[in-house]
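For the numbers below, each heavy atom of this structure counts, side chains included, while hydrogens, waters and symmetry mates do not. Since we're looking at a predicted model, the values are computed, not measured.
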Amino acid sequence: MKNHETQELNILTFCSGKNALNVGLALSSTIFMCGFPALIILPFYIYLFGAGMIWLVLGAFLSMLLIWYYASYRLMRYSRKAEGLYTIPGYLRFRFSGGKGYPGLVAALEITMLTLICLSLILNEAGLIVERIFRIPTALSNALILVIILIPLAKRGFAYITNSAIVKAFILLLCLLICTLHIYTSMNIKEIVENTMRSGIKGSVSVYINILFLDNKVMGPTDYLSNISLGFLIIGCPSVLMGFLFGKDGQKLNAGKRLSLLFFVIFTGVAAFFGGSLRGYMYPIGVTKSLSEFIMNLFQAFIKNGSWGIVAGISFAIAVVVACMILVETCIYLLIATVAKDILQDGRLVRLPKEHDAKALYITEVCVAILAFFLTFMVRELRMEGVLIILAILSCSMGPVVMISLLWKRMNSVGCLVGLMSGFFSVPFYKFVPLIEVAGEKVSICTAMDVNAILLSMATGSVLILLTSLISPKPNEKQIQDFMDVKNRLV
């Protein structure tokens, strides 16, 4: 056995993804989006509201194009220029402070707090799903999920996520294809249409499967913007962006880009057809707005439909488990790497001698698992809406900051800090604070404009970054030179 496989993992080797496969690097961020979001959330929303929800896939695809064709190469070049650049807070620290200062620490604290809450919400939902399918109590399910994921992650770090991505991508796509093919071969189109009509949809089946309608209403401009902007959450997701900091070869990154985009298009296309058939297939089981109940009802519908239905049911259960594992393990890695590397080691909140790196990493892993487990009992009432709000806050904080920092050399640390804080506060402000009177009742700006908070928050953050950077001192010469070296492909 090679030496690097036997030596104790420390903070650097945990975060660095040493021996990670290039194909796995490309697929790791894609399966994060295609796992829980595309396999479960997209079909669930189409099942509830109709084919109009497919527009969020367009937003996600546009976000992927922006990330792959623009952000990926510049992040890769910055990682070449700076040693030990493995996280988005680390990138911001180098970009604006030369390895020191507050931008990286503030970003790390935001990521830690929001990801911990998000992990607890996801873990709670995953526990409910496991309980409904396998009859294991939620608390025990949560504990088992954490232990099963943490053991290999603690042994191999980021390399585990990337090197297992190929197998997970294959399992997800294969299981989804089995389930979709079973539905369309066990029932003809006429049966699916008739059952869909009987299931209690609003309006006709032709309206339900029309991408220009949403919940039996013709979609207006604000509906398109709201649905497409849901896909923009990807832009500021640290777990998607950080993978490019590990890339060292532009040609391999280019090959990974094509593979990643192709997989995304195929997977989301199959998931959309899968979701569009579920009302008809699951009838006469009643429609539910609970995600965990929806998953259980679909699983039962599969296993009651003959031997091939049992195969489809088992495939669906496997896909759900893998999708939950991808989401949870990515959040856990992000938390451990951010706390250990960006807060403890580089944030200088605690002075860590190098010989204590491995112990600090171990303690961080245990603390993250314990905190996430106990937080699940505190967030049980929030469910999936809470996950979307936390993801929106995180993405609106990181997205404008990272994208503008890669585009505009004049952006400085003041603009970075203002952008981080703007995203943190603007989402709850636009969504919850009642400011505008409509029909004698004060409502939030989002309710009054009939849009979600993502576009408004990202636009606000971008404007504030530009203004504060312009009225505050310019970046120093080294920061500008680093930016130009990256822009001109000199690294």
Side-chain angles (χ1 to χ4, degrees), residues 33 37-38 41-42 44-67 114 118 121 202-203 207-208 210-237 268 272 289 382-404 418-467:
M33 295 177 284
I41 301 299
L42 176 62
F44 179 56
Y45 279 173
I46 293 175
Y47 158 86
L48 287 178
F49 305 114
M53 291 305 302
I54 199 69
W55 290 99
L56 70 86
V57 176
L58 175 62
F61 185 69
L62 292 174
S63 299
M64 285 192 68
L65 290 177
L66 177 65
I67 290 170
L114 295 172
C118 190
L121 289 165
K202 298 176 183 178
V207 168
Y208 177 76
N210 192 328
I211 64 171
L212 303 180
F213 286 78
L214 184 65
D215 203 19
N216 198 39
K217 297 176 184 177
V218 178
M219 293 178 66
T222 56
D223 295 313
Y224 288 110
L225 285 173
S226 293
N227 279 2
I228 291 172
S229 66
L230 281 173
F232 291 168
L233 290 175
I234 297 170
I235 292 175
C237 191
T268 52
K289 292 185 178 180
L382 296 177
R383 301 293 175 87
M384 285 311 300
E385 185 181 1
V387 175
L388 289 175
I389 292 170
I390 296 299
L391 285 175
I393 295 173
L394 184 58
S395 186
C396 291
S397 297
M398 300 295 155
V401 167
V402 174
M403 291 301 163
I404 295 176
V418 169
L420 291 171
M421 300 310 296
S422 168
F424 189 82
F425 291 108
S426 59
V427 172
F429 172 78
Y430 285 126
K431 186 169 180 63
F432 298 114
V433 178
L435 288 178
I436 301 175
E437 191 168 319
V438 177
E441 181 183 359
K442 281 201 169 185
V443 296
S444 68
I445 294 174
C446 285
T447 304
M449 296 179 65
D450 195 26
V451 295
N452 62 41
I454 298 168
L455 275 181
L456 293 174
S457 300
M458 285 193 171
T460 301
S462 300
V463 170
L464 289 175
I465 289 169
L466 295 173
L467 289 177

Measure the spacing between [atom1] of [X] and [atom2] of [Y] and express it to the nearest 0.5 Å.
{"X": "Ser395", "Y": "Met458", "atom1": "OG", "atom2": "CE", "result": "3.5 Å"}
{"X": "Leu391", "Y": "Cys118", "atom1": "CG", "atom2": "SG", "result": "4.0 Å"}
{"X": "Lys442", "Y": "Leu435", "atom1": "NZ", "atom2": "CG", "result": "7.0 Å"}
{"X": "Leu214", "Y": "Tyr45", "atom1": "CG", "atom2": "OH", "result": "11.5 Å"}
{"X": "Ile41", "Y": "Leu230", "atom1": "CD1", "atom2": "CG", "result": "11.0 Å"}
{"X": "Asp223", "Y": "Leu212", "atom1": "CG", "atom2": "CG", "result": "11.5 Å"}

Can you name the closest pair of heavy atoms from [X] and [Y] and give their distance?
{"X": "Ile235", "Y": "Ile67", "answer": "CA-CD1, 3.9 Å"}
{"X": "Ala448", "Y": "Ile436", "answer": "CB-CD1, 3.9 Å"}
{"X": "Asp450", "Y": "Thr222", "answer": "O-CB, 3.4 Å"}
{"X": "Gly419", "Y": "Ile465", "answer": "CA-CG1, 3.6 Å"}
{"X": "Cys396", "Y": "Ile454", "answer": "SG-O, 3.7 Å"}

Legend entry - Non-hydrogen side-chain atoms of Leu420 and Met398 separated by less than 4.5 Å: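 A side-chain contact under 4.5 Å exists here.
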Legend entry - Leu225 and Leu455, any side-chain heavy atoms less than 4.5 Å apart: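 Side chain of Leu455 against side chain of Leu225, heavy atoms only: contact under 4.5 Å found.
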So, the side chain of [X] versus the backbone of [Y]: is there a donor-acceptor pair under 3.5 Å, distance only?
{"X": "Tyr208", "Y": "Phe213", "result": "no"}
{"X": "Ser444", "Y": "Phe432", "result": "no"}
{"X": "Ser457", "Y": "Ala453", "result": "yes"}
{"X": "Ser397", "Y": "Phe424", "result": "yes"}

Legend entry - Heavy atoms from other residues, nucleotides or ligands near CE of Met219 exceed 12 (cutoff 6.0 Å): yes
Inset, instruction - Show your working on side chain to side chain contact (heavy atoms under 4.5 Å, CB included) between Leu456 and Val451 and close with a plain yes or no. - result: CA-CA 9 Å; Leu456 293 174; Val451 295; 3.9 Å; yes
Legend entry - Partner set under side chain to side chain donor-acceptor pair (under 3.5 Å) for Ser229, not counting sequence neighbours: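 Ser229: side chain to side chain donor-acceptor pair (under 3.5 Å) contacts with Asn452.
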Inset, instruction - Decide yes or no on side chain to side chain contact (heavy atoms under 4.5 Å, CB included) for Phe429 and Thr460, but give the supporting numbers first. - result: CA-CA 11 Å; Phe429 172 78; Thr460 301; over 6 Å; no
Result block: side-chain N/O donor-acceptor pairs under 3.5 angstrom for residues 48-58, not counting sequence neighbours:
unit_1, atom_1, unit_2, atom_2, d
Trp55, NE1, Ile211, O, 2.7

